[in-house]
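Have a look at the structure below before the remarks.
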Amino acid sequence: MARHLITSAIPYINGIKHLGNLVGSQLPADLFARYQRARGNEVMFICATDEHGTPAELAAAKAGKDVADYCAEMHDVQAEIARGFRLSFDHFGRSSSAQNRVLTQHFAVKLAEAGLIREVTEKQMYSITDGRFLPDRYIEGTCPNCGFESARGDQCDNCTKQLDPVDLINPRSVISGSTDLELRETKHLFLRQSEMRSKLQDWIDSKTDWPLLTTSIAKKWLNDGDGLQDRGITRDLHWGVPAQFEGAPWSGMDGKVFYVWFDAPIEYIAATEEWADKTGGDWARWWRTDRGADDVTYTQFMGKDNVPFHTLSFPATILGSNEPWKLVDYIKSFNYLNYDGGQFSTSRGRGVFMDQALEILPADYWRWWLLSHAPESADSEFTWENFQTSVNKDLADVLGNFVSRITKFCRSKFGEALPAGGAWGEREAALIDELNTRIRAYETFMEEKEVRKAAAELRAIWVAGNEYLQAAAPWTVFKTDPDQAAAQTRLALNLVRLYAVLSAPFIPDASEAMLAGMQTEDRSWPADAKAALEALPVGHAFTTPEVLFRKIADEEREDWQQRFAGTRG
RNA sequence: GGGCCUGUAGCUCAAUGGUUAGAGCAGGGCGCUCAUAACGCCUUGGUUGGGGGUUCAAGUCCCUCCGGGCCUACCA
């Protein structure tokens, strides 16, 4: 039995994520996790909320809440929504956990022992009114290049020129609007990634089967300009893992915390510890190659914005520690999902957010569309028309109607149990051949994390059932040869169970509904289609399920189109 | 500015340099009547963004121009 460690990029705590965030990491990770479990493999599927950083502090302040309370509340909200989408995490952790604090500090010490931490004193903008140092993006002013009045400290959105906050004319705090800014000296810890460059380069070069998107971003960072740069791993914030602690090999870091991007990936490990503490399980056999993790296959899922941190920073942390931690084996990255001619926008409330999606339709509808249109090779686009068409055609007509037509046919002609009599012939043999071929193809696409191709293959498997029924025509055969019609009907009812098993990673609720209808708990993966189509024997009782997927009407679609065009309300 | 990705049928997407560029949806025709007005079969539709080049052979490789997108290290 293979062992799969699967992590999804951890969503930021600040607010509810939109469908683009979902399809970029959590959903495909869940698909893979469910598939591996269905194949009988041992799976540890980890996700968490990424809770530290400036935006969390500001969002909490805006909500008038203590940041810890705010994060706890938002974590529960996100966890509830994740359950709603049937994301099957073994554990949904929190980067603010005690386990992560200990582990993050541990890694920092190990990196320091390896000579990979250096202290840097630099000058940064401090807002006296806000009482905090401001990240470049939290400073606005007039662009010295083009005169644009809302240029950010890092870049002017009008002329795209790269800026430094000190370049801005009349700089002000984005938070308070205050112009009471000054440059202050501050000391930070830097991870000497430049020292790790050739090691990381060799590692990336060895990953010839990774998505182009993943390796090209990594190589860009490795080779751009002077090559991989050292990176600050601390910040002047209150909310985070304290950078000064008992046993720290440095001093003068009081009141500072580790940068979110240092502690966030470490949370993958810490979340597994959280899981172990909760369940009594053994986290080390997933993460320590000296403690049983050497046979683990580790796959990460993320949007393209996360790639540099997962291909370079986090591996630098792992490798630099000189400890036997499990390193990622495959990084599946995704492009962005756009919304109806533009981008999803959290700030402008443009697009569909996860909570809203579930208010409108059940999880499976969204899961199917998102996964079958996953932005793998390029950015892809959500349109309501496309969504409506896919749901109505693929789910309602092809799959749902198949279940409906065969169960109702059987009920009316034979009653609600698999009828006896008849035998299979050439047509059935041909179907079995096709199914075997397609199921093997489906497995291959799933193993390769080719999400859209897997979805297309699954759909083709559904279509094969309709083709068979149409060609066999048991409703006609029944008039002259009821035994033969019974054999055909038995096969088709077994197809329903087979479809439930194969479709479960994509549409778990519908899969359960199909199994419930067939009154079986048999979820065994079809090693051979012939055997799978004999799983439910003659006389096995079933119930005719309710409509599996309802159709989306034009009026509904238009209504939603209006509702989600502008501001979230 | 630099780097990367991308442009293929009306739409969404496929195609290790190798038959006549393929699917789904939409459109047209036929069939079926078990079914959620569902299903099946057949079919229309392409100067592969433009131009040039390499090659026996180019959607695929090279150059160039045009369009779309992302990243560019202190948002996360």
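All values below come from the heavy atoms of this structure, side chains included, with hydrogens, waters and symmetry mates left out. Per chain, numbering begins at 1; letters A, B, ... match sequence-line order.
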A:K207 and A:T214: CA distance, side-chain angles, deciding distance, side chain to side chain donor-acceptor pair (under 3.5 Å) verdict: CA-CA 10 Å; A:K207 303 301 183 185; A:T214 305; over 6 Å; no

Derivation of the ring-ring contact (aromatic ring centres under 6.0 Å, His included) call for A:F133 and A:H188: CA-CA 13 Å; A:F133 281 93; A:H188 284 295; 7.4 Å; no

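Side chains of A:L361 and A:V391 form no contact here, defined as non-hydrogen atoms less than 4.5 Å apart.
Remark: the separation of the C1' atoms in B:rG69 and B:rA15 is 23 Å, to the nearest Å. When the C1' atom is used for both B:rU16 and B:rG29, the distance is 39 Å, rounded to whole Å. Taking the P atom of each, B:rA23 and B:rG40 are spaced 15 Å apart, rounded to whole Å. Comparing B:rG59 with B:rG53, their P atoms sit 15 Å apart, to the nearest whole Å. Comparing B:rC61 with B:rG1, their P atoms are spaced 25 Å from each other, to the whole Å. When the C1' atom is used for both B:rG52 and B:rC4, the distance is 24 Å, rounded to whole Å. Across the P atoms, B:rA73 and B:rG17 are found 34 Å apart, a figure rounded to whole Å. Rounded to a whole angstrom, the distance from the C1' atom of B:rC25 to that of B:rA9 is 12 Å.
Between B:rC75, B:rA35, B:rG69, one nucleotide has an atom nearer to the side chain of A:K408 than all others, and that is B:rA35. Among the nucleotides B:rC71, B:rC75, B:rU6, the one closest to any side-chain atom of A:Y336 is B:rC71. Side chain of A:S377, nearest nucleotide from B:rC13, B:rC34, B:rC39: B:rC13. Nearest to the side chain of A:W221, among B:rA73, B:rA76, B:rA35, sits B:rA73. Checked against B:rA76, B:rC4, B:rU36, the side chain of A:S216 finds its nearest nucleotide in B:rC4. Among B:rC75, B:rC4, B:rA26, the nucleotide with an atom closest to any side-chain atom of A:K393 is B:rA26. Side-chain atoms of A:K551 lie closest to B:rU36 of the nucleotides B:rA76, B:rU36, B:rC13.
In terms of polar N and O atoms assigned as donor or acceptor, the side chain of A:N401 comes within less than 3.5 Å of the base of B:rA35 in a complementary pairing.
Atom CD of A:E556 is separated from atom NZ of A:K551 by 12.5 Å, given to the nearest 0.5 angstrom.
Contacts between residues 462-474 of chain A and RNA chain B, defined by a heavy-atom separation under 4.0 Å, are made by A:V463, A:N466, A:E467, A:Q470.
The closest side-chain donor-acceptor pair between A:W210 and A:T311, if any, does not fall under 3.5 angstrom. Of the N and O atoms on the side chains of A:Y70 and A:E57, not one donor lies less than 3.5 Å from an acceptor on the other residue.
Remark: ring of A:W475 overlaps the six-membered base ring of B:rC34 in a stacked fashion, centroids less than 5.5 Å apart, planes less than 30° apart.
Counted within 6.0 Å of CG on A:D554, heavy atoms from surrounding residues, nucleotides or ligands total more than 12; the atom is thus considered enclosed.
Among the atoms of the strands shown, only primed sugar atoms or phosphate atoms (P, OP1, OP2) are found under 4.0 Å from some heavy atom of A:K453.
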Dot-bracket encoding of pairs in RNA chain B, which uses [ ] for pseudoknotted crossings and | for another strand, Watson-Crick or G-U under 3.5 angstrom: (((((((..((((....[...)))).(((((.......))))).....(((((..]....))))))))))))....

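Under the side-chain hydrogen bond (donor to acceptor under 3.5 Å, both in side chains) criterion, A:T544 pairs with A:E416, sequence neighbours left out.
One finds no side-chain N or O of A:R405 lying less than 4.0 angstrom from the OP1 or OP2 phosphate oxygen of B:rU36.
Ring centers of A:F414 and A:F478: under 6.0 Å apart, within the cut-off. The aromatic ring centroids of A:Y268 and A:H310 lie less than 6.0 Å from each other.
One atom, CG of A:D379, and another, P of B:rU12, lie 13 Å apart when rounded to the nearest Å. When the P atom of B:rG3 is taken as reference, atom CD1 of A:I217 falls 16 Å away, rounded to whole Å. B:rU72 atom P lies 11 Å from atom CG of A:N306, rounded to whole Å.
Note: A:F301 and A:F334 have parallel aromatic rings, judged against thresholds of 30 and 60 degrees for the angle between ring planes.
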